[in-house]
Amino acid sequence: MNRSIAGVGLGLRWPLLEDLLEHPSAELAWLEIAPENYMRRGGRFPATLETCLERWPVVTHGLSLSLGGTEAPDRSYLHTLRDFLQRVQTPWHSDHLCFSIASGTAAHDLLPLPFSKAMVTQVVDRIRSAQDALGVPIAVENISAYVIVPGSEMTESEFVTEVVQRAECQLLLDVNNVFVNAQNHGFDAKTALAAMPLDRVVQLHMAGHERTPEGCIDTHAEDICDDVFALLAWTLQRTGPVPILLERDDNFPSWEHLGREIAKLHACWSDATRAASVENASALRSSF
Amino acid sequence: MQASYQQVLVRVCFAREPATVDLALLEAEKQPGWLLYRRMVRARLTQTIEHAFPRLRACVKDDAFAVWIEDYFAQVGPKSVYLRDVPGEFLSFFESDSELPQAPPYARDLARLEWTELDVAYTFEEAGVDRVGEFSMHKPPVLNGSLRVLQLQWAVHRGTRESPMEPVEPGPVWVALYRDPASHDVRILELTQVTGVLLAAMQGGQQSLTQCTEHAAQVTGATIDTAWVTALTNVLADFFDRGILLGSSP
């Protein structure tokens with residue numbers, strides 16, 4: 001089986017499993033899994049993962065590296081993660097630009113970092129260490145944030161750019177998170193996307209959000225809205241046809257409904273693929 | 001500076017009430033989003049704990065279960081990076097509380113049973129092929145790594161999530177939980193006292209099966225006679241069939 005990651009993927013979630021295995025969408029080319037859901041776990045979960053690995057290439061997306069955390073990562077976790085990544089043959093491993101553990105307490109959520117020079121240095125060190133420990137390229141993901149952390153000295157795009165360039169890592173660009181942050185903090189999403197290190201994007205995340213009186217919340221429990229689809233198309237024109245992942249974590253619709261969303265994402269990816277082919281052909285002609 | 005900020009935010013998330021000084025440090029008056037983090041963190045963890053203990057939650061009075069979770073957050077908080085470990089950590093905290101006035105007398109047993117069901121379903125402890133030799137009474141037995149043996153004071157295992165048995169009958173009672181190797185379903189067996197003591201001894205992994213059976217007979221005051229040996233043979237055959245007993249140490 002070709003294990004390369006291209007086209008549209010789906011975040012593997014337990015409630016989707018039965019439909020995924022019995023009625024796989026033709027446009028679905030790969031899966032993204034959270035290693036923490038399978039590491040140190042026996043029984044039904046690893047057995048199911050084996051079935052999925054036989055049918056789809058897999059890329060891993062973690063929750064617990066706490067790249068902005070001040071506490072040293074759990075060595076046992078890193079060791080187990082390294083073994084797991086090797087076993088599933090992921091081409092890269094991604095985690096979030098956030099912290100999730102402090103004072104020995106695990107929040108099990110993505111807590112925001114200050115966009116400061118000191119934090120850039122800290123995160124860069126952690127990414128390099130993680131890359132060494134895990135033996136695969138690391139991609140970092142921009143998170144949705146509901147506050148601007150005191151002590152921030154730059155925009156999120158500047159922060160992400162500096163981290164990615166100095167750590168020489170890749171970027172998992174979450175388009176919906178940029179949209180959510182733009183809505184909540186009053187900036188232009190396209191300007192923010194344009195300032196991201198788009199040449200480092202190895203994967204895109206797409207998801208739905210919810211509008212509440214408190215603002216836009218990145219719930220992964222709604223359909224992707226038209227504005228975010230428009231941002232995706234705009235981004236793909238600049239990144240080329242990078243793999244796109246659909247995240248759906250709650251309020252699951254019918255499998256047919258989800259299939260239509262996958263098909264829509266696939267159409268965006270196909271457009272970007274065609275555009276890239278035309279560009280390549282033009283470049284080839286002009287070189288004669 | 002970073003450590004301080006991160007500690008403050010975690011305190012805001014887990015304290016019974018966020019401290020005014022912590023909220024001031026975060027400038028929460030200008031940015032109410034900080035309290036959104038508190039709600040999101042607590043909601044995810046609460047949902048995880050509630051999902052693990054549906055029967056315990058249903059059998060306690062008023063909002064006692066929510067208060068226990070509040071106490072757990074404020075006094076201990078999650079430590080493991082694995083979300084699925086959180087209910088087990090909550091159970092350790094719950095068991096350390098000597099008084100549970102809002103709970104029925106069988107609450108501790110019920111909590112242990114519900115967590116053990118999840119633990120058995122998830123556990124990764126598997127006996128590798130190299131650890132399993134041919135069966136012998138003279139060597140320590142090798143058991144299914146998911147096996148858990150509980151001695152309960154109340155027969156809480158006789159009810160289910162769908163149909164909790166009321167009233168819960170007093171014990172003591174021995175129960176074995178294991179993961180079916182083929183279906184991965186969790187099975188619960190009610191054991192006689194002698195089988196419970198025997199299986200608990202077999203789990204030790206040090207004594208030969210002969211020593212385990214002698215220990216079980218001694219503890220329960222049984223005489224090892226022909227009937228006893230026949231019963232033992234049937235029990236061991238059943239354990240083999242169920243995938244509980246895998247063989248002996250090589």
Side-chain angles (χ1 to χ4, degrees), chain A residues 34-48 62-66 68-71 73-74 76-78 80-81 98-114 116 118-119 121-123 145-151 184-185 212 214-215 217-219 250, chain B residues 1-14 24-28 30-45 47-48 73 76-86 89 118-126 144-146 179-186:
Chain A
E36 291 85 354
N37 288 344
Y38 303 93
M39 290 156 55
R40 290 176 57 240
R41 195 171 207 177
R44 191 166 277 134
F45 284 79
T48 304
L63 302 161
S64 301
L65 277 179
S66 194
T70 53
E71 292 171 27
D74 181 332
S76 151
Y77 167 73
L78 284 177
T80 311
L81 180 58
C98 71
F99 80 96
S100 51
I101 302 169
S103 309
T105 300
H108 294 282
D109 215 319
L110 311 175
L111 303 177
L113 301 174
S116 66
M119 183 48 73
T121 302
Q122 186 177 315
V123 173
Y146 307 103
V147 292
I148 302 292
V149 181
N184 289 337
H185 302 305
T212 74
E214 291 173 295
I217 312 290
D218 176 36
T219 55
D250 209 345
Chain B
M1 169 63 193
Q2 297 308 335
S4 160
Y5 152 64
Q6 295 183 4
Q7 288 161 5
V8 168
L9 179 51
V10 166
R11 277 204 303 270
V12 164
C13 289
F14 287 100
L25 282 167
L26 295 174
E27 301 172 8
K30 284 190 269 180
Q31 298 196 88
W34 290 114
L35 294 176
L36 183 62
Y37 281 105
R38 174 178 160 89
R39 284 202 298 280
M40 289 194 306
V41 165
R42 297 168 81 86
R44 181 196 301 267
L45 295 168
Q47 191 180 26
T48 302
F73 287 163
V76 184
K79 302 299 173 201
S80 171
V81 297
Y82 299 96
L83 185 60
R84 66 177 174 277
D85 289 346
V86 169
E89 293 178 347
L118 285 179
D119 182 33
V120 168
Y122 294 160
T123 188
F124 59 99
E125 296 163 28
E126 305 280 359
N144 181 326
S146 72
R179 190 169 67 223
D180 185 291
S183 68
H184 304 301
D185 290 335
V186 176

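First the proteins, then the strands, lettered A, B, ... as listed; each starts at 1.
- You'll find the side chain of A:I148 reaches within 4.5 Å of the side chain of B:Q31, heavy atoms only.
- Counting heavy atoms from C-beta on, the side chains of B:L36 and A:I217 come closer than 4.5 Å.
- Here B:Y122 pairs with nothing under the ring pair (Phe, Tyr, Trp, His ring centres under 6.0 Å) rule; sequence neighbours left out.
- In this structure, no portion of B:T48 lies under 4.5 Å from any heavy atom of chain A.
- With a threshold of 4.5 angstrom between heavy atoms, B:D185 approaches chain A through its backbone and through its side chain.
- For B:V186, no part lies under 4.5 angstrom from a heavy atom of chain A.
- One finds a salt bridge joining A:R40 and B:D85 here, because a Lys/Arg side-chain nitrogen approaches an Asp/Glu carboxylate oxygen to under 4.0 Å.
- Closest non-hydrogen pair, B:L25 versus A:P150, comes out as O-CG, 4.2 Å.
- To the nearest 0.5 Å, the span separating CG on A:D109 from CZ on B:R42 amounts to 13.0 Å.
- Contact count versus chain B (heavy atoms, under 4.5 Å) is highest, among A:L113, A:L111, A:T105, A:D74, for A:T105.
- For the pair A:E36 (side chain) and B:V81 (backbone), a donor-acceptor distance under 3.5 Å is absent.
- Of the atoms belonging to A:N184, not a single heavy atom falls under 4.5 Å from chain B.
- A:A106 approaches B:K79 most closely through the heavy-atom pair CB-O, 4.1 Å.
- Considering only heavy atoms from C-beta on, A:R41 stays 4.5 Å or farther from B:T123 through its side chain.
- Between B:Q6 and A:E71 the shortest side-chain heavy-atom distance does not fall below 4.5 Å.
- The candidate with the highest count of non-hydrogen atom pairs below 4.5 Å against chain A, out of B:S80, B:P32, B:C13, is B:S80.
- A:P112 touches chain B through backbone and side chain together, each having a heavy atom under 4.5 Å away.
- In this structure, chain A has heavy atoms under 4.5 Å from both the backbone and the side chain of B:L83.
- Heavy-atom distances place no part of B:R38 under 4.5 Å from chain A, backbone and side chain included.
- Heavy-atom neighbours of B:K30 NZ from other residues, nucleotides or ligands within 6.0 Å: at or below the threshold of 12.
- The minimum heavy-atom distance between A:S103 and B:Q7, with the atom names listed, is OG-CG, 2.9 Å.
- The distance between the ring centers of B:F124 and A:F45 does not fall below 6.0 angstrom.
- In this structure, B:Y37 and A:Y146 have tilted ring planes: the angle between them lies in the 30° to 60° band.
- For the pair B:P78 and A:H108, the minimum side-chain heavy-atom distance is below 4.5 Å.
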